[in-house]
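Just so you know, these numbers come straight off a predicted model, no measurement behind them.
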Amino acid sequence: VQLQASGGGLVQSGGSLKLACVASGTIFKINSMKWVRQAPGKFDRELLADITFTSTTATTYSDSMKGRATISVDKDKNTGYLEIRDLKPEDTGAYFCSANIYYFSTGSRTYWGRGTLVTVSS
């Protein structure tokens, strides 16, 4: 399984972006997906949002994302999205997606994609 994040770029403060994370390979079910951000010059990654599918769908957001971000997954396309509105310069960073995916022969495993860069100008 491979994950590919896209949708980053240069955006003005106050603008919006919709990041995509495409999962390819042998996939039976996406159990969960999350997005994290690594700010420039920082080692730690911040968990921004995650979505989990059980008998219901549960989403959580970091304080920095609450009220201006939406995480979703199109299961037919094996693609996750993170839409962020009212972007701020402090949203600048590399955005990574991760997904926990189930397949019969491998069970459930967590995969990470390469990041997509977001730069927010003031």
Are any non-hydrogen side-chain atoms of Asp86 and Ser16 less than 4.5 angstrom apart? no
Do Val11 and Ser121 pass the side chain to side chain contact (heavy atoms under 4.5 Å, CB included) test, and can you show the C-alpha distance, the side-chain angles, and the key distance before you say yes or no? CA-CA 6 Å; Val11 187; Ser121 63; over 6 Å; no
Any side-chain heavy-atom pair from Pro40 and Thr92 closer than 4.5 angstrom? yes
Looking at Gly8, is its backbone amide N or carbonyl O close enough to the side chain of Thr116 to form a donor-acceptor pair, meaning the two atoms are under 3.5 Å apart? yes
Tell me the salt bridge (Lys or Arg N to Asp or Glu O under 4.0 Å) pairs involving residues 3-24, sequence neighbours left out? none
Inter- and intrachain pairs under salt bridge (Lys or Arg N to Asp or Glu O under 4.0 Å), touching residues 38-48, at least two apart: Arg37-Glu46
Quick check for you: to the nearest 0.5 Å, what is the distance between Lys29 atom NZ and Phe53 atom CZ? 9.0 Å
Shared hydrophobic cluster, Val22 / Leu82 (ILVMFWY, side-chain heavy atoms < 4.5 Å): no
Above 12 or not: heavy atoms from other molecules or residues under 6.0 Å from OH of Tyr102? yes
Quick one, Thr52 and Thr57 - any side-chain contact, counting heavy atoms below 4.5 Å? no
How about CZ on Arg109, more than 12 heavy atoms from neighbouring residues, nucleotides or ligands closer than 6.0 Å, or not? no
Where is the tightest heavy-atom contact between Ser72 and Ile51, given as atom of each residue plus distance? CA-CD1, 4.2 Å
hydrophobic_cluster_shared for Leu87 and Leu19, side chain cutoff 4.5 Å: yes
Min side-chain heavy-atom separation Ile84-Arg68 under 4.5 Å: yes
Please tell me if the side chains of Trp112 and Lys34 come closer than 4.5 Å, counting only heavy atoms from C-beta onward. yes
Hits for side-chain hydrogen bond (donor to acceptor under 3.5 Å, both in side chains) against Thr110, two or more places apart or cross-chain, chain-then-number order -> Asn100
Side-chain heavy atoms under 4.5 angstrom apart, residues restricted to Ile, Leu, Val, Met, Phe, Trp, Tyr: same cluster for Leu17 and Leu3? yes
Taking all non-hydrogen atoms of both residues into account, name the closest pair between Ala5 and Cys97 and its distance. CB-SG, 4.1 Å
Minimum side-chain heavy-atom gap Tyr81-Asp74 below 4.5 Å: yes
Is Met65 close to Thr60 at the side-chain level, that is, under 4.5 Å between some pair of heavy atoms? no
Are Asp91 and Lys88 close enough, and set up right, to give a salt bridge (Lys or Arg N to Asp or Glu O under 4.0 Å), and what steps lead you there? CA-CA 5 Å; Asp91 291 321; Lys88 309 171 189 302; over 6 Å; no
Of Phe96, Tyr95, Trp35, the residue whose pairing with Cys21 passes side-chain contact (heavy atoms from CB on, under 4.5 Å): Trp35
Give a yes-or-no answer on whether the side chains of Asn31 and Ser108 include a donor-acceptor pair shorter than 3.5 Å. yes
Knowing that exactly one of Leu48, Asp50, Thr70 qualifies, which makes a side-chain contact (heavy atoms from CB on, under 4.5 Å) with Tyr61? Thr70
Just by modelled atom types, is the Tyr111 backbone N or O under 3.5 Å from a matching donor or acceptor in the Ser98 side chain? yes
Checking the side chain of Thr79 only, and the main-chain atoms of Lys77 only, is there a donor and an acceptor separated by less than 3.5 Å? yes
